[in-house]
Amino acid sequence: MQMAVVNLQPGQTVYCEAGKFLFKTTNVTMETRLSGPSAGGGQQGQGGSGGMGGLLRQAMGTAMQVGQRVLAGESLAFQYFTSQGGEGTVGFAGVLPGEMRALELDGTRAWFAEKDAFVAAESTVEFGIAFAGGRTGMSGGEGFVLEKFTGHGTVIIAGAGNFIDLNPADFGGRIEVDTGCVVAFEEGIQYGVQRVGGLNRQGIMNAVFGGEGLSLATLEGNGRVILQSLTIESLANALKKAQGGDKQGPTGGLFSTHAG
């Protein structure tokens, strides 16, 4: 399982989702806030010119952000780390065994990521929530709620297993993926969900015994796509099976024994 060690210049700020922080040097301050940078989370202390109206707008913006994150099942708060009086160091990690990736934003293209992929980012990167649309989302499971990153700077994401980078343009313009394997993709990639087969015998066989459910994610266009080799669902099923499940004998499971 990887970790990200971030070296901060004096006065530089990074923020992370609550629960992703590992360690810091003593000259790095830590502050927990409900607001993200897009709602002035990185600009506190500059408010006077807006008066009561400015404070109200800021409060409303923060409330909307928090409401979106609650609806998306994300963490309520962010933790901000700022280096004081010299260079500082902060460490972050994801919550599942797997890889991490640093994405560089130049302001021209946003990035979208699966829920809980976000680890940390510079304060110049804005964190938001995007919805893939009612019909797509209801079918896509993990794809309904996406994290959206805009602005300039570095954002660090994490996933499960190993990562592979693909461009749908290299495969005829379209790839079909298990919905749980999508980690992140660039703006310009069209995300959708399609049914696995029709409502016939083979379609039912695919859904019930194929392990993919009723839907596959589709990614179309020309841009970078990051996929992961391990899905949270498959990891949970493997742990559940190992925890209380069948113990296979020398026959390879034909005559399994159950402890209980």
Side-chain angles (χ1 to χ4, degrees), residues 1-50 54-55 57-59 61-66 68-69 72 74-129 147-159 163 183-184 186-187 224 226:
M1 183 165 178
Q2 296 182 327
M3 69 172 68
V5 179
V6 179
N7 295 318
L8 299 177
Q9 296 300 312
Q12 187 178 13
T13 298
V14 296
Y15 67 100
C16 75
E17 188 177 41
K20 306 292 177 69
F21 163 73
L22 290 180
F23 70 90
K24 67 179 183 67
T25 52
T26 56
N27 67 314
V28 174
T29 62
M30 179 172 65
E31 184 180 358
T32 301
R33 308 175 194 162
L34 294 178
S35 60
S38 60
Q43 308 293 331
Q44 288 190 5
Q46 299 180 8
S49 60
L55 291 175
R57 284 192 297 271
Q58 182 176 350
T62 300
M64 290 184 64
Q65 278 199 340
V66 172
Q68 281 188 327
R69 294 200 298 270
E74 300 280 355
S75 171
L76 290 180
F78 294 111
Q79 292 177 303
Y80 289 79
F81 302 86
T82 304
S83 181
Q84 304 284 354
E87 295 184 357
T89 303
V90 189
F92 305 101
V95 295
L96 292 171
E99 285 198 40
M100 303 181 74
R101 188 65 55 84
L103 307 176
E104 300 297 334
L105 304 182
D106 61 6
T108 61
R109 274 193 175 188
W111 270 88
F112 297 89
E114 69 166 345
K115 217 169 44 167
D116 295 327
F118 172 67
V119 176
E122 291 184 80
S123 59
T124 51
V125 174
E126 297 183 1
F127 176 98
I129 299 294
E147 298 174 337
K148 182 178 181 181
F149 308 105
T150 56
H152 295 76
T154 302
V155 57
I156 301 171
I157 60 172
F163 284 177
V183 179
E186 284 184 300
E187 186 178 24
R224 188 173 163 196
I226 302 175

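By convention here, the first residue in the shown sequence is residue 1.
Not a single side chain to side chain donor-acceptor pair (under 3.5 Å) links E99 to another residue, sequence neighbours left out. Not counting sequence neighbours, the partners of N27 by the side-chain contact (heavy atoms from CB on, under 4.5 Å) test are T25, S83. The ring pair (Phe, Tyr, Trp, His ring centres under 6.0 Å) check on F163 picks up nothing, with sequence neighbours excluded. Residues satisfying the side chain to side chain donor-acceptor pair (under 3.5 Å) test with T108, not counting sequence neighbours, are D106. Residues meeting the side chain to side chain donor-acceptor pair (under 3.5 Å) test with Q9, sequence neighbours left out: none. Shown here are the side-chain contact (heavy atoms from CB on, under 4.5 Å) partners of A121, two or more places apart in sequence or in another chain: Y15, F118, V125, V155. Legend: residues meeting side-chain contact (heavy atoms from CB on, under 4.5 Å) with A120, ordered by chain and number and at least two apart, are C16, F92. Partners of E122 according to the salt bridge (Lys or Arg N to Asp or Glu O under 4.0 Å) rule, which considers only residues two or more places apart in sequence or in another chain, do not exist here. Every residue meeting the side-chain contact (heavy atoms from CB on, under 4.5 Å) condition with T13, not counting sequence neighbours, appears here in chain and number order: Y80, T82, S123. Residues passing the side chain to side chain donor-acceptor pair (under 3.5 Å) test with T150: none are found, sequence neighbours excluded.
A 4.5 Å side-chain heavy-atom check between T89 and V5 finds at least one atom pair inside the cut-off. Taking the side chain as every heavy atom from C-beta outward, E126 and F149 never approach each other to under 4.5 Å. Counting only heavy atoms from C-beta outward, the side chains of E104 and T154 approach each other to under 4.5 Å. At a threshold of 4.5 Å between non-hydrogen side-chain atoms, the residues I157 and V183 count as touching. Residues I156 and V6 have side chains in contact (heavy-atom distance under 4.5 Å, counting atoms from C-beta outward). The shortest distance between side-chain heavy atoms of P10 and E87 falls below 4.5 Å.
Contact record, M30 with Q79: SD-NE2, 3.8 Å, taken as the closest heavy-atom pair. Minimum heavy-atom separation, M100 to A158: CG-CB, 4.0 Å. Listed here is the closest heavy atom pair of F81 and V28: CB-CG1, 3.7 Å.
Distance check, rounded to the nearest 0.5 Å: CH2 of W111 to CD of E186 gives 4.5 Å. Separation of atoms CZ (F21) and OG1 (T32) is listed at 10.0 Å; rounding is to 0.5 Å. Atoms CZ and CD1, on R101 and I226 in that order, are 5.0 Å from each other to the nearest 0.5 Å.
Pairs passing the salt bridge (Lys or Arg N to Asp or Glu O under 4.0 Å) check and including a residue from residues 18-30, sequence neighbours excluded, read E17-K20.
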Check the pair R224 / L103 against side chain to side chain contact (heavy atoms under 4.5 Å, CB included), numbers first and verdict last.
CA-CA 11 Å; R224 188 173 163 196; L103 307 176; 4.1 Å; yes
